[in-house]
Amino acid sequence: MEKRSDFKFSRRDLLIVGAASLTAPAMAVTTAPFVAKAEVTLKPAVPGAPVMSKVSFNVNGKARELEVDTRTTLLDALRENLHFTGTKKGCDHGQCGACTVIVGGRRINSCLTLAVMHDGDSVTTIEGLGTPENMHPMQAAFVKHDGYQCGYCTPGQICSAVAVLDEIKAGIPSHVSADLTAPPQFSTAELRERMSGNICRCAAYSNIVDAVTEVAGSKA
Amino acid sequence: MKSFTYERANSPAEAAAAAARTPHAKFIAGGTNLLDLMKLEIETPSHLIDVNRLALNKVEPTPDGGLRLGALVRNTDLAADQRVRRDYGVLSRALLAGASGQLRNKGTTAGNLLQRTRCPYFYDTNQPCNKRQPGSGCAAIGGFSRQHAVIGASEACIATHPSDMAVAMRALDATVETIRPDGATRNIPISELHRLPGDTPEIETTLAQGELITAVTLPKPVGGKQIYRKVRDRASYAFALVSVAAIVQRDGSGRVALGGVAHKPWRVEAAEAALPRGARDTIAQLLVAAKPTRENAFKLTLAERTLAAVLTEARG
């Protein structure tokens, strides 16, 4: 009989192996420099069969080239093909914000965009913001203020929060900005409105507000 | 999701021609609504034409003092444009009242206009829906219809148009510019872009097959107090139960369009003569032909009260 200690796989290892075996045909991952392409993907030999297409983009500072089914969302390319599993799949319909990443400096729902639409783009995921040893100030503030409970929404919350502070700095108004013509100022009301696309089922909202407020203050 | 072939278009004319050439082709820009529907196989294009590289992402002045909004200007950028904020405040406010920050970063001017209804029966493929599957029936009629249309609906469909932006554009008398597969361009008044459902709720706009929106133009600014008031079930990130886009001048005259009540932004120019007399008279004329369901009759009262609040704010 096997002893329990013989099992050396972590849950994460098993998930990666499972994902790799599922997506093996689409795993042509290289780190070649990207070249913008505008080709028409070929018609499938059999109607309804998968259509493959090449795409190159930069993820967290590193060039990546993939061949993916055209149906592959940016979220699935990041998780299943590139193994950046920090970005989470919540609703997969743009309603929860767990999949938020930063593309070209803008936060977007990576579940509602196709990988092939991002040829030549630069993508930043939670892994690109900081590491456990060298955290981004927003990551450190979430830890300090306990801005989560289960943690599933947290990478999306943090990517979104980092971009929110940039949006305020860039003068982009919000629904709660009193004066449309004046530059918006950081406030709790502004933050809550701007973060409404990120849902936390554990309802860690007040601690998230504390964390982001601290980072906003330290920037001022 | 059904599989599809994919291409990136390099010019509006090329995109329109490709759409006419390929059966079951769709344009994709922001993709936030289309991909959502493709995942549910409510939309099943066999070919996607990515228009994101087209040079349609600028806000430019027009010779007659208005603004030309490129079809690919992201909702965030349009709402933040200084000229829009100063001269067309109702549009900026409407954009900011819609969706989430992430979605506004992706959503485009043209895509926002062409987004499809959020009727839950349209989304539920186990239910009949004449819009999704013509001839199958309408589960919303007799179903949970709290969010549905109170005016301009038909026996076939009581869905609403979900856009906030389009309601403000209707109040601003915007014009939609398009290019067709044969290269011909035309201008469509926004009042004529969206259709009422009638017997063919699956046909939502007057655009021809392969016709691509290239821009939306706004006439020169009309001034006035510009207000967009949206009433919804949550304080943020929810579709309107009722919304009011209003432009009110100092003498009390003005324009008003409603969202959340019909299959298109709802404006009746003749009703606007009543604006100086207040919300009750205006709404009575604007919604004179209303046929609400038992569940959404509250929208008539809500529309009147929301307009009353808007007119009070405009006087302040």
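What's counted below: heavy atoms across the whole structure, side chains too, no hydrogens, waters or symmetry copies. Convention: sequence-line order gives letters A, B, ...; per-chain numbering from 1. All of these numbers come straight from a predicted model, not from anything done at the bench.
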Student: Supply the atom-to-atom distance B/Met1 CE to A/Asp69 CG, rounded to the nearest 0.5 angstrom.
Tutor: 9.0 Å

Student: Check whether B/Ala94 gets within reach of chain A through its side chain, its backbone, both or neither, counting any heavy atom under 4.5 Å.
Tutor: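 For B/Ala94, there is no contact with chain A at all, as no heavy atom is under 4.5 Å.
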
Student: Output a table of donor-acceptor pairs, distance under 3.5 Å, between side-chain atoms of residues 155-164 of chain A and any protein atom two or more places apart or on a different chain; print 'none' if there are none.
Tutor:
from     : atom 1 : to       : atom 2 : distance (Å)
A/Ser160 : OG     : A/Arg107 : NH1    : 2.8
A/Ser160 : OG     : A/Asn198 : OD1    : 2.7
A/Ser160 : OG     : B/Gln102 : NE2    : 3.4

Student: If we define contacts as heavy-atom pairs under 4.5 Å, which of A/Ser177, A/Ala170, A/Gly97 has the most with chain B?
Tutor: A/Ser177

Student: Donor-acceptor pair, B/Ser3 side chain versus A/Gly48 backbone, under 3.5 Å?
Tutor: yes

Student: Check whether any side-chain heavy atom of B/Thr76 sits under 4.5 Å from a side-chain heavy atom of A/Arg106, and report yes or no.
Tutor: yes

Student: Against chain A, label B/Asp36 side chain, backbone, both or neither, depending on which of its atoms sit under 4.5 Å from a heavy atom there.
Tutor: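 Both parts, heavy atoms under 4.5 Å.
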
Student: So which of A/Gly94, A/Ser174, A/Gly171 has the largest heavy-atom pair count under 4.5 angstrom toward chain B?
Tutor: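 So the answer, after comparing A/Gly94, A/Ser174, A/Gly171, is A/Ser174.
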
Student: Can you confirm whether A/Glu193 sits close enough to B/Leu96 that some side-chain heavy atom of one is under 4.5 Å from a side-chain heavy atom of the other?
Tutor: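 Result no, sub-4.5 Å side-chain heavy-atom pair not found.
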
Student: Would you say A/Leu180 and B/Arg86 make side-chain contact, with heavy atoms under 4.5 Å?
Tutor: no

Student: Compare every heavy atom of B/Arg85 with every heavy atom of A/Pro184, then report the nearest pair and how far apart it is.
Tutor: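 It is CD-NH2, 4.5 Å.
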
Student: Who passes ring pair (Phe, Tyr, Trp, His ring centres under 6.0 Å) against B/His161, sequence neighbours left out?
Tutor: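 Checked B/His161 against ring pair (Phe, Tyr, Trp, His ring centres under 6.0 Å); matches are B/His194.
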
Student: Based on non-hydrogen pairs under 4.5 Å, which of B/Asp77, B/Asn33, B/Ile49, B/Leu95 is most in contact with chain A?
Tutor: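 Of the candidates given, the most pairs with chain A belong to B/Asp77.
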
Student: Does a side-chain heavy-atom distance below 4.5 Å link A/Cys111 with B/Lys39?
Tutor: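 Heavy-atom side-chain distance check passes, below 4.5 Å.
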
Student: For a 4.5 angstrom cut-off between non-hydrogen side-chain atoms, does A/His175 reach B/Ser236?
Tutor: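 Counting from C-beta outward, A/His175 and B/Ser236 never come under 4.5 Å.
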
Student: Carefully, step by step, assess B/Phe4 and A/Leu114 under the rule side-chain contact (heavy atoms from CB on, under 4.5 Å).
Tutor: CA-CA 12 Å; B/Phe4 53 84; A/Leu114 297 170; 3.7 Å; yes

Student: Rounded to the nearest 0.5 Å, what separates atom CG in B/Leu35 from atom CG in A/Asp92?
Tutor: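 CG of A/Asp92 is found 10.0 Å from CG of B/Leu35.
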
Student: Between chain A and each of B/Gly101, B/Gly89, B/Ala79, B/Ala18, count heavy-atom pairs under 4.5 Å; write down the option with the most.
Tutor: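 Between B/Gly101, B/Gly89, B/Ala79, B/Ala18, the count favours B/Gly101.
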
Student: Show your working on side-chain contact (heavy atoms from CB on, under 4.5 Å) between B/Lys106 and A/Leu112 and close with a plain yes or no.
Tutor: CA-CA 9 Å; B/Lys106 264 291 181 193; A/Leu112 284 187; over 6 Å; no

Student: Given heavy-atom pairs under 4.5 angstrom as the criterion, report whether the side chain, backbone, both or neither of B/Leu34 touches chain A.
Tutor: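 Neither part.
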
Student: Is A/Met117 close to B/Tyr6 at the side-chain level, that is, under 4.5 Å between some pair of heavy atoms?
Tutor: yes

Student: Can you say whether A/Thr100 sits under 4.5 Å from chain B via the side chain, the backbone, both, or neither, judging by heavy atoms?
Tutor: side chain

Student: Kindly indicate whether the side chain of A/Asn109, heavy atoms from C-beta on, has any atom under 4.5 Å from the side chain of B/Leu103.
Tutor: yes

Student: Begin from the C-alpha positions of A/His93 and B/Leu40 and carry the test side-chain contact (heavy atoms from CB on, under 4.5 Å) through to its verdict.
Tutor: CA-CA 10 Å; A/His93 285 278; B/Leu40 297 165; 3.8 Å; yes

Student: Rounded to the nearest 0.5 Å, how far does OG of B/Ser100 lie from CD of A/Gln95?
Tutor: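 The distance works out to 10.5 Å.
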
Student: Under 4.5 Å from any heavy atom of chain A, what part of B/Leu48 do you find: side chain, backbone, both or neither?
Tutor: side chain

Student: Crowded around A/Glu167 CD? As in, over 12 foreign heavy atoms under 6.0 Å?
Tutor: yes

